[in-house]
Every structure is written in structure tokens, then in C-alpha cells.
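Notes follow once the structure below has been shown.
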Amino acid sequence: MDQEARLVTVDHAWSGRWSGRSLLRLDAHGVVFAGSADAHDADTLAGAELPHVPGTVLAPFTDSHVHLGLIDATQLPVGGISRVVDLGWDPTVASGWLGRSGRDGWPEVAIAGGLITAPGGYPSRAGWAPSRASLPVGGLRVSTRLRRAARLVEQQHALGASIVKVALNSDVGPVLDDAMLAAVVDAAHGLDLPVVAHVQGVGQAARAADAGVDRLAHTPFSERLDDDLIARLVASTTWVSTLDIHGYGLGGVAHETAVDNLSRFRAAGGRVLYGTDLGNGDLPLGVNERELRAMGRAGFGLAGLLDALAPDVAGPTGGARLPFTRVTWIADAPRASASSDERAAWLARATALTADELLAVALEEKTR
């Protein structure tokens, strides 16, 4: 697409709020939601027969927990995902993905780098993780370990990490002690980096809350959290959903525990991000209908699902980063009477399109 902006219309649009017939501005930089077509300046549209995109265009969808080293990243936009947060891989390899972010068919990419962990702790013995994905904090002296923790955070930041991940998985091995965990959190916050924790094992969610962790990489599933802890976590953390990794549609104890915890966290006002742990088992490359169905069971309506899928939308007219490199397109509109499962199925039909691809849809429609 050339630098000159093109206007197209669309039946329905969502970028923080719903609108009916709307205008989109397309140019070489991306897509901007330009407001209601009906309310737009009449002089702008006078005599114009604008190309039209059928169906619904929405702000870009994000999967906030993926492992790009285990999947074909180019398949994610095809399946409706425009942005991803990679939560653990060899830091040098992950840093290289930033150069492909939003290019060559890739989604936009943010990375955590490696997982800061205790010696011998998760994911050092996990089959999915390359050896350099584990960043152990060791040493005989406490002062040595504290310096090592801070240095690891600085190294991840220098490689392009926009979030720091710590492993608190007591089910499979040792975990960082309280002093080391606090040192990681302090170092990350000193660089304005949020901290996300893999929390697994009884008591680890409470430790994350005590340490000031900002985000949980998974909805807690090892135990039913009491209401007081839920309230503390609502005040201090964001959760990434990842419900479908428990049973892959078949359910089970961990799945039911996670759904229950997420339901109460959401009801208490907690902020939730859609995420799948993509690369972990039998998960679809794109919007995961089973994940959305499980979130529906936890009480999420369509508005809640969209807030979780598009967390970067700021305000009623557009996103925090404009223009959007890709937007979400679904060829029809949601039915007001749709059930929770039907809403999930509708969202799972999404694809992520660039400005050029969206214009091609509009021009194809015009020739029909």
C-alpha cells in the first residue's frame, strides 16, 4: 500500500467499544479505527463510493502466553492472533525474534527471555525447554546470589525483554527463596519491567503475592485459593488464563480448580489476559475456542472476552499503539442472543489482516 491513506467502511467495529457502520483508515503504516461512518464529516464522504469490508473488524488479538520456539509463528495471524508474549526460551534466540516482529508473516512479538529459577528448578528438567531457557540463581553466599539475580534481570532487559519471568514450581523441584524472589522483583521494577511468575504448587500463589509479582503466567490450579488471597491478588496481579492446558477440552481436577479460581478472581474485579501456553500440548495455532469456552464457564461474557483478547486497547476510539499493524476480521457479526459457547465459536473464526489484506477483502467484495 502506498503512503496515501485509503478509507473503507465496515459493518461493525470494536476498538474498546462497539459501533455499527464504521470507517477505517488504511495506509502504509497500518489500520486506524476512524469512527462511525454515519457520524463522520459529510464533506469527507461526499460523492465517495468507498470500498466496504463485510462483517466485523476488531482491535488486534493477543495471546499473552506462548512459546514461539515450539510452533510455526507464521500460522498465528492466519488463526486470528496479531500479537504474542513469549514467556520462555533461549534468551539469545528469543531476542532474534524481535527483528521479525510484525514482519514476514509473524505476529508482533514481546519476550521474557529465559526463566529465572533456583538451581535444578523448573524448567531445567522440562522436556519442552532448551537448556538456556533456565537461568539459575546460585552461589554459596547470599550476597553472590543477590547480585546474580539482579544481573540476570539486567541481561534479559539488554536482550530486549519487556517482562521478566520467574519460576515458582515447587511440584517439580526447588524454587527461589523469599530473598532471591524479592531481589528479582526489585531489579525488574527498577527497570520498569513487570514480573510474571509460573506459579505451581501449594502456597506458591501466596508467595507471589507477598513478593509483589505483577502477573501470573497461569490461572492458579494447584489449590483452591481462599477468598482473602483472591482479594490480595485482585489488588496486585493480572492473570493469564491458560485453562485449556488442563485436559485439552476433557477437563479434570486441575481444570475445574483453575476455572473456579478464575471465576472468583474475575467476579472480584481481577484483570485477566487471554493466553494459552501455546506450544504446550495439543493447542490450535490461533484463537483457541476451547480456551474461550472455559473462560465463558468462569463468567466471561463477550465484553470480558474481548478485554482479555485485546488488552492494549486504550479508550473508545483506538489502541495504545496506533496505527495497528494488523486488525482482527470476522466475516459476520456476533448474534445478540448467542450463548457463551456460540460466542467462543464466533471469535475462533477470526483472522488477523494487514492494511493491504483488509483492502483486498474490500475490493473483492466490491467486484461481486
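- Closest of all the heavy-atom pairs between R6 and P51 is NH2-CG, 3.8 Å.
- At a cut-off of 3.5 Å, with distance as the only test, a side-chain donor of D63 or T276 sits close to an acceptor on the other residue.
- No side-chain donor from either of S339 and D341 sits under 3.5 Å from a side-chain acceptor of the other.
- In this structure, the side chains of L359 and V8 come closer than 4.5 Å at one or more pairs of heavy atoms.
- R349 places no side-chain N or O within donor-acceptor distance of the main-chain N or O of A331, the cut-off being under 3.5 Å.
- Side chain to side chain, Q204 and S222 fail the donor-acceptor criterion of an N or O pair below 3.5 Å.
- In summary, the side chains of S19 and S22 do present a donor paired with an acceptor at a separation below 3.5 Å, with no hydrogens or angles considered.
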What verdict does the side-chain contact (heavy atoms from CB on, under 4.5 Å) test give for L181 and V166, after you've listed the backbone C-alpha separation in whole Å, the side-chain angles of each residue and the deciding distance to 0.1 Å? CA-CA 8 Å; L181 180 57; V166 296; 4.0 Å; yes

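- Closest approach of V137 to P119, counting heavy atoms only: O-CD, 3.2 Å.
- Using a 4.5 Å heavy-atom cutoff, the side chains of E291 and S241 are in contact.
- Counting all heavy atoms, side chain and backbone alike, A258 lies closest to H246 at CB-CD2, 4.2 Å.
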Taking it one step at a time, do D227 and R264 satisfy salt bridge (charged side-chain N to carboxylate O under 4.0 Å, His left out)? CA-CA 8 Å; D227 290 341; R264 291 182 296 120; 2.7 Å; yes

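- The shortest heavy-atom contact between A59 and A310 is CB-CB, 4.3 Å.
- Residues V175 and R207 meet the side-chain proximity criterion, which asks for heavy atoms closer than 4.5 Å.
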Run V32 and L24 through side-chain contact (heavy atoms from CB on, under 4.5 Å) and show every step you take. CA-CA 6 Å; V32 173; L24 304 177; over 6 Å; no

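- Ion pairing of E154 with R147 is absent here, as no side-chain N (NZ or NE/NH1/NH2) approaches a carboxylate O to less than 4.0 Å.
- Hydrophobic clustering of Ile, Leu, Val, Met, Phe, Trp and Tyr side chains at less than 4.5 Å, counting indirect connections, keeps L285 apart from V240.
- Remark: F265 CZ to L233 CG distance equals 6.5 Å, nearest 0.5 Å.
- Clustering ILVMFWY residues whenever any of their side-chain heavy atoms sit less than 4.5 angstrom apart, transitively, puts V199 in a cluster other than the one holding V85.
- Using a distance-only test at 3.5 Å, with no hydrogens or angles considered, no donor-acceptor pair links the side chain of Q75 to the main chain of G286.
- In terms of modelled atom types and a separation under 3.5 Å, the side chain of T257 and the main chain of V253 share a donor-acceptor contact.
- Between D210 and R232 there is a salt bridge, with a side-chain nitrogen of the basic residue lying less than 4.0 Å from a carboxylate oxygen of the acidic one.
- A distance-only check finds a donor-acceptor pair linking the side chain of D177 to the backbone of M180 [under 3.5 Å].
- At least one donor-acceptor pair under 3.5 Å links the side chain of W329 to the backbone N or O of P54.
- Contact annotation: the side chain of V287 approaches that of I81 to within less than 4.5 Å [non-hydrogen atoms, C-beta and beyond].
- The pair D260-R224 meets the salt-bridge criterion, since a charged nitrogen lies less than 4.0 angstrom from a carboxylate oxygen.
- Of the inter-residue distances, the one linking L50 atom CG with L7 atom CG reads 6.0 Å to the nearest 0.5 angstrom.
- Contact check for R21 versus T9: side-chain heavy atoms found under the 4.5 Å cut-off.
- Contact record, L216 with A208: CD2-CB, 4.1 Å, taken as the closest heavy-atom pair.
- Looking only at distances, no side-chain donor or acceptor of D104 sits under 3.5 Å from a matching main-chain atom of W106.
- Taken together through direct or relayed side-chain contacts under 4.5 Å among Ile, Leu, Val, Met, Phe, Trp and Tyr, I116 and L87 form parts of separate hydrophobic clusters.
- Side-chain contact between W346 and D332 is present, with heavy atoms from C-beta onward closer than 4.5 Å.
- Taking each heavy atom of E108 and S101 in turn, the nearest pair found is CA-OG, 3.2 Å.
- Contact annotation: the side chain of P311 never approaches that of Y274 to less than 4.5 Å [non-hydrogen atoms, C-beta and beyond].
- To the nearest 0.5 angstrom, L309 atom CG is 5.0 Å from F61 atom CZ.
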Intermediate values then yes/no, salt bridge (charged side-chain N to carboxylate O under 4.0 Å, His left out), R297 and E256: CA-CA 10 Å; R297 288 187 57 221; E256 294 305 316; 3.0 Å; yes

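- No donor-acceptor distance shorter than 3.5 angstrom exists from the side chain of D11 to the backbone of T56, with no hydrogens or angles considered.
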Test ring-ring contact (aromatic ring centres under 6.0 Å, His included) on H67 and W128; report intermediate values, then the result. CA-CA 9 Å; H67 296 282; W128 66 266; 4.5 Å; yes

Between V327 and F33, does a side-chain contact (heavy atoms from CB on, under 4.5 Å) hold up when you go through it step by step? CA-CA 10 Å; V327 290; F33 288 77; 4.0 Å; yes

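- In this model, no donor atom of one side chain and acceptor atom of the other lie less than 3.5 Å apart for N288 and Y248.
- Dense packing is recorded around CZ of R335, with more than 12 heavy atoms of other residues, nucleotides or ligands lying under 6.0 Å away.
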CA sep, side-chain torsions, deciding dist, call: L68, V109, side-chain contact (heavy atoms from CB on, under 4.5 Å): CA-CA 9 Å; L68 289 175; V109 177; 3.8 Å; yes

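- Taken to the nearest 0.5 Å, the CZ atom of F221 stands 6.0 Å off from the CD1 atom of I245.
- Summarising the geometry, atom OG1 belonging to T328 is positioned 9.0 Å from atom CG belonging to L347; distances are rounded to the nearest 0.5 Å.
- Remark: side-chain polar atoms of S82 are not paired, donor with acceptor, to backbone N or O of P60 under 3.5 angstrom.
- Under the 4.5 Å side-chain heavy-atom criterion for Ile, Leu, Val, Met, Phe, Trp and Tyr, L191 and V195 are members of the same hydrophobic cluster.
- Counting only distance, with no hydrogens or angles, the side chain of D90 and the backbone of A133 share no donor-acceptor pair below 3.5 Å.
- The main-chain N or O of A217 is found under 3.5 Å from a side-chain atom of H65 such that the two form a donor-acceptor pair.
- Taking CG of L243 as the start and NE2 of H218 as the end, the distance is 11.0 Å to the nearest 0.5 Å.
- Taking the side chain as every heavy atom from C-beta outward, P284 and R290 approach each other to under 4.5 Å.
- Linking ILVMFWY side-chain heavy atoms closer than 4.5 Å, directly or via other members, places W239 and V185 in a single hydrophobic cluster.
- Counting only N and O atoms by type, the side chains of Q155 and H157 include no donor and acceptor under 3.5 Å apart.
- D244 has no carboxylate O lying under 4.0 Å from a charged side-chain N of R293, or vice versa, which leaves the two without a salt bridge.
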